[in-house]
Amino acid sequence: PTRQFIEDVDDYMKGKDFEQTMRELQTLFQQYKQIEQGLQQNRIRLGNKLPEIKRALDTVKLLKEKSASGDELDMDYELTDSVFAKAKVKDAQSVYLWLGANVMLEYSLDDAENLLQTNHENCARNLATNKSDLAFVKDNVTITEVSIARVYNWDVKRRKAAKEAENK
């Protein structure tokens with residue numbers, strides 16, 4: 001939910017217990033921070049995934065071009081992390097794509113291009129949505145922090161006034 005800035009703390013605190021209000025604000029703050037952390041991790045994951053999809057899409061497009069022209073293509077492909085092999089590819093009709101969870105499927109070049117294009121668009125859209133969600137949560141974190149400070153300062157002022165009244 002969207003946090004509202006507390007304009008008038010005196011009015012906001014009427015009939016409320018300071019300790020309970022501070023606990024509620026602290027709990028809300030912690031919830032926003034957890035959501036923010038999850039969104040940041042998701043942003044990193046999507047940011048890493050987008051170039052990988054783009055690279056795969058570019059490779060499939062290159063294979064389609066070379067296949068259509070009948071040219072042979074010399075390629076370096078990754079076997080494992082930091083281990084590459086050379087291959088000569090001519091008249092490629094299909095590619096194998098990792099789908100995740102140790103699953104690889106064979107696709108025709110057209111199907112692979114369509115799948116990768118769709119995945120690239122979805123990933124870019126999810127990244128944009130993530131950025132707007134993250135901005136929303138950061139705004140609410142800031143508003144909640146300010147609310148905590150204002151309620152705390154209200155209590156300090158209230159206690160000081162009560163102590164001064166007691167001393168008179």
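Positions are given from 1 along the sequence.
With 3.5 Å as the limit, one finds no donor-acceptor pair spanning the side chains of Q30 and Q34. Side-chain polar atoms of R23 and Q20 form a donor-acceptor pair below 3.5 angstrom.
Shown here for Y77 and A87, the closest heavy-atom pair between the two residues is CE2-CB, 3.5 Å. Across all their heavy atoms, A92 and S67 have their closest contact at O-OG, 3.2 Å.
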**side-chain contact (heavy atoms from CB on, under 4.5 Å) between Q31 and T27, worked out** = CA-CA 6 Å; Q31 289 171 347; T27 300; 3.9 Å; yes

**Prompt:** Please walk me through it: do N42 and R45 pass side chain to side chain donor-acceptor pair (under 3.5 Å)?
**Reply:** CA-CA 5 Å; N42 195 28; R45 186 181 57 79; 2.6 Å; yes

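Atom CD1 in I143 sits 7.5 Å away from atom CD in Q4 (nearest 0.5 Å). Taking CD from E52 and NZ from K49, the interatomic distance works out to 9.0 Å, rounded to the nearest 0.5 Å. A distance of 9.5 Å separates SG in C123 from CG in N48, rounded to the nearest 0.5 Å. The OG1 atom of T142 lies 9.0 Å from the NZ atom of K138; values are rounded to the nearest 0.5 Å. In this structure, CD on E24 lies 7.0 Å from NZ on K16, to the nearest 0.5 angstrom. Rounding to the nearest 0.5 Å places CG of D71 at 9.5 Å from CG of D91.
Side-chain atoms of T2 and N140, non-hydrogen and from C-beta on, do get closer than 4.5 Å to each other. Side-chain atoms of E145 and K33, non-hydrogen and from C-beta on, never get closer than 4.5 Å to each other. Under the 4.5 Å side-chain criterion, counting only non-hydrogen atoms from C-beta, R125 is in contact with N122. Residues L50 and H120 meet the side-chain proximity criterion, which asks for heavy atoms closer than 4.5 Å.
Side-chain atoms of E7 never come within 3.5 Å of backbone atoms of F5 as a donor-acceptor pair (strictly under, hydrogens ignored).
Hydrophobic side-chain contacts under 4.5 Å tie Y12 into a cluster, directly or through other members, with I6, V9, M13, F18, M22, L25, L28, F29, Y32, I35, L39, L134, F136, V137, V141, I148, V151, Y152, W154, V156.
Comment: K14 does not engage D10 in a salt bridge, judged by the lack of any side-chain N to carboxylate O separation of less than 4.0 angstrom. Using a 4.0 Å cut-off between charged nitrogen and carboxylate oxygen, E166 and K163 do not count as a salt-bridge pair.
Neither M104 nor V89 shares a network with the other; the hydrophobic side chains, linked directly or stepwise wherever heavy atoms of I, L, V, M, F, W or Y lie under 4.5 Å apart, form separate groups for each. V95 and W98 are not part of a single hydrophobic cluster, where members link through side-chain heavy atoms under 4.5 Å apart. L99 and Y96 end up in different hydrophobic clusters when Ile, Leu, Val, Met, Phe, Trp and Tyr side chains are linked at under 4.5 Å.
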Indicate every side-chain donor-acceptor pair of residues 53-65 with a distance under 3.5 Å to a residue at least two apart or in another chain.
from	atom 1	to	atom 2	distance (Å)
K54	NZ	D58	OD1	3.3
T59	OG1	R55	O	2.9
K64	NZ	D110	OD1	2.8
K64	NZ	E113	OE1	2.5

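Counted within 6.0 Å of CG on N167, heavy atoms from surrounding residues, nucleotides or ligands total more than 12; the atom is thus considered enclosed.
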